[in-house]
*Asks:* 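Structure incoming, see below.
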2 protein chains.
Amino acid sequence: MKIGILGTGMVGNTLATAFIAKGHEVKMGSRDATNEKAAEWTKANGKNASQGTFADAAQFGDILFNCTKGEHSLEALNAAGEQNLAEKILVDVANPLDFSKGMPPTLSLVNDTSLGETIQNTFPLTKVVKTLNTLNCSLMVDANKLANGDHNLFICGNDEDAKQKVKELLHDNFNWKTENIIDLGDITNSRGTEQLLPIWIRLWGALGTGDFNFKIVR
Amino acid sequence: MKIGILGTGMVGNTLATAFIAKGHEVKMGSRDATNEKAAEWTKANGKNASQGTFADAAQFGDILFNCTKGEHSLEALNAAGEQNLAEKILVDVANPLDFSKGMPPTLSLVNDTSLGETIQNTFPLTKVVKTLNTLNCSLMVDANKLANGDHNLFICGNDEDAKQKVKELLHDNFNWKTENIIDLGDITNSRGTEQLLPIWIRLWGALGTGDFNFKIVR
């Protein structure tokens, strides 16, 4: 599959590298086509790895991942271009973290809004699927790194078929058991999953590790 | 132990009844001393059960539980009286849920504030401990109702000794293993646990039951 990764940070890099390892073609997009971190990643990841602008990556991918920082996501997606995003699945991994008032961060979109639904409202032709935003990127790409994969992901979005495809992608590539991916409903449920970040960050501090995840015990 | 329960709703009733069952003396406080729901509860719970105003319950208890609705908590605590709350442990079980814009509710104190810290700031002599606010009341009073108690509570507050006493109380009465009660730090961490409510409510809808809890898998 052709995958477009928007963002060159740790999350984008980890997802892009993991998809390459599974045999996919991946283009990493950033503000400029010669971004240094993307160039380094491309060089290290063989013939299936390439880089370009946000627009290049969006045009390239059959499925796209928004791995930009939440504060820059709309700007990056605007640069990617509405027409390049149209009809595509965009997996929104970002969180609207606001570090401007110090640690721990607050959320810049919160309570009666969220980043996921803001992206969906801004790009109505795109199939926005919110998932993976509630855990460390090293766990995103291998559920089995923790407790034999016995913990949960949350997913939401307006398009049922898109959510199903993302579930399959996560299952087939990253060992996520489909029964452990909890579907919360439409994209407004991003409010629920993005508001996990305030406790995620505090748990990270309290536990002294980011290698943990939420499990919903029934 | 003498326990003061502020609030006569389902949470207050469940906690009060469970403490009576464990042999404690419990006074249920409400706006007026003859509240019907409190009278019914008192009648059903024998000689260790009594009712009164918020001030009566606050004066009575060695340890107090705020089980009022979040929107009424400050009013109720003001009625309880600063002097009756002073130096006492107040376990804040409430969440600042705002149902005025429909379902699912939003939070009236959120992001850079919380109900827990607002109560602490309003009553600086009280030892506010935030816990139990992230799960159904039937689970609060018996951790073993789910997965042999193998799931988590979160606790935060400024007074270490108060948190320790609350942990012991939950262990001794409600089967909470102390290692499953995660201490997040000072009372500002209420921001983290109160912001679990938006996803709790959505999970309640998605799972069709409130009998679930968060487990932090490491």
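The sequence lines fix the lettering, A, B, ..., with proteins before strands; numbering per chain opens at 1. Any value given below was found using the heavy atoms of this structure, including those in side chains, with hydrogens, waters and symmetry copies removed.
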*Asks:* Can you measure from CG (A:L74) to NE2 (A:H72) and round to the nearest 0.5 angstrom?
*Replies:*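 Interatomic distance, A:L74 CG to A:H72 NE2, rounded to 0.5 Å: 11.5 Å.
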*Asks:* Is it the case that more than 12 heavy atoms not belonging to A:K177 sit under 6.0 Å from its NZ atom?
*Replies:* yes
*Asks:* If we ignore hydrogens and angles and just use 3.5 Å, is the side chain of B:N136 paired with the main-chain N or O of B:G210 as donor and acceptor?
*Replies:*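 Yes, because the side chain of B:N136 sits within donor-acceptor range (under 3.5 Å) of the backbone of B:G210.
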*Asks:* B:L203 versus chain A, heavy atoms under 4.5 Å apart: side chain, backbone, both or neither?
*Replies:*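 Interface part for B:L203: both.
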*Asks:* Which one of B:I199, B:L107, B:V110, B:L139 has the most heavy-atom pairs closer than 4.5 Å to chain A?
*Replies:*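 Winner by heavy-atom pair count: B:I199.
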*Asks:* Is chain A contacted by the side chain of B:I182, its backbone, both, or neither, given a heavy-atom distance below 4.5 Å?
*Replies:* side chain
*Asks:* Can you list every salt bridge (charged side-chain N to carboxylate O under 4.0 Å, His left out) pair that touches residues 188-211 of chain A, not counting sequence neighbours?
*Replies:* A:E117-A:R191, A:K130-A:E194
*Asks:* Do the two ring centres, one from B:F212 and one from B:W200, sit under 6.0 Å apart?
*Replies:* yes
*Asks:* So, using ring-ring contact (aromatic ring centres under 6.0 Å, His included) as the criterion, who are the partners of A:W41 when residues are at least two apart?
*Replies:*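 So A:W41 forms no ring-ring contact (aromatic ring centres under 6.0 Å, His included) with any residue.
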*Asks:* Determine, step by step, whether A:F65 and A:V129 satisfy the side-chain contact (heavy atoms from CB on, under 4.5 Å) criterion, reporting the C-alpha distance in whole Å, the side-chain angles of both residues, the deciding distance to 0.1 Å, and the verdict.
*Replies:* CA-CA 9 Å; A:F65 284 77; A:V129 175; over 6 Å; no
*Asks:* Does any N or O in the side chain of B:Q120 come within less than 3.5 Å of the main-chain N or O of B:T126, such that one atom is a donor and the other an acceptor?
*Replies:* yes
*Asks:* Suppose a student defines contact as a heavy atom less than 4.5 Å from any heavy atom of chain B. Which residues in residues 163-175 of chain A would they list?
*Replies:*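 Residues qualifying by a heavy atom under 4.5 Å from chain B are absent, so none.
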*Asks:* Would B:K88 and B:K127 count as a side-chain contact (heavy atoms from CB on, under 4.5 Å) here? Give the steps.
*Replies:* CA-CA 6 Å; B:K88 291 201 176 169; B:K127 296 162 186 173; over 6 Å; no
*Asks:* How about A:K2: does its NZ atom have over 12 heavy atoms from other parts shown lying under 6.0 Å from it?
*Replies:* no
*Asks:* With a 4.5 angstrom heavy-atom cut-off, could you sort out which part of B:D98 is near chain A: side chain, backbone, both or neither?
*Replies:*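 B:D98 has no heavy atom closer than 4.5 Å to chain A.
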*Asks:* Is it the side chain or the backbone of B:T188 that comes within 4.5 Å of chain A heavy atoms, both, or neither?
*Replies:*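 Backbone of B:T188 only, per the 4.5 Å heavy-atom cut-off to chain A.
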*Asks:* Is any residue of residues 146-158 of chain A within less than 4.5 Å of chain B by heavy atoms, and which ones?
*Replies:*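 Hits under 4.5 Å: A:L146, A:A147, A:D150, A:H151, A:F154.
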*Asks:* Out of A:V11, A:N213, A:T131, which residue meets the side chain to side chain contact (heavy atoms under 4.5 Å, CB included) rule with A:M140?
*Replies:*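 Per the side chain to side chain contact (heavy atoms under 4.5 Å, CB included) rule, the option paired with A:M140 is A:V11, out of A:V11, A:N213, A:T131.
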*Asks:* So which part of B:V217 gets closer than 4.5 Å to some heavy atom of chain A, the side chain, the backbone, both or neither?
*Replies:* both
*Asks:* Give the member of A:G185, A:P105, A:P198 that has the highest number of heavy-atom pairs under 4.5 Å with chain B.
*Replies:*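 Option with the greatest count: A:P198.
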*Asks:* Around B:E40, counting heavy atoms of other residues, nucleotides and ligands shown, do more than 12 lie under 6.0 Å from its CD?
*Replies:* no
*Asks:* Looking only at heavy atoms and a cut-off of under 4.5 Å, which of A:N189, A:T193, A:D183 has the most pairs with chain B?
*Replies:* A:N189
*Asks:* Could you tell me whether the side chains of B:D142 and B:S138 share a donor-acceptor contact shorter than 3.5 Å?
*Replies:*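 Side chains of B:D142 and B:S138: no pair found under 3.5 Å.
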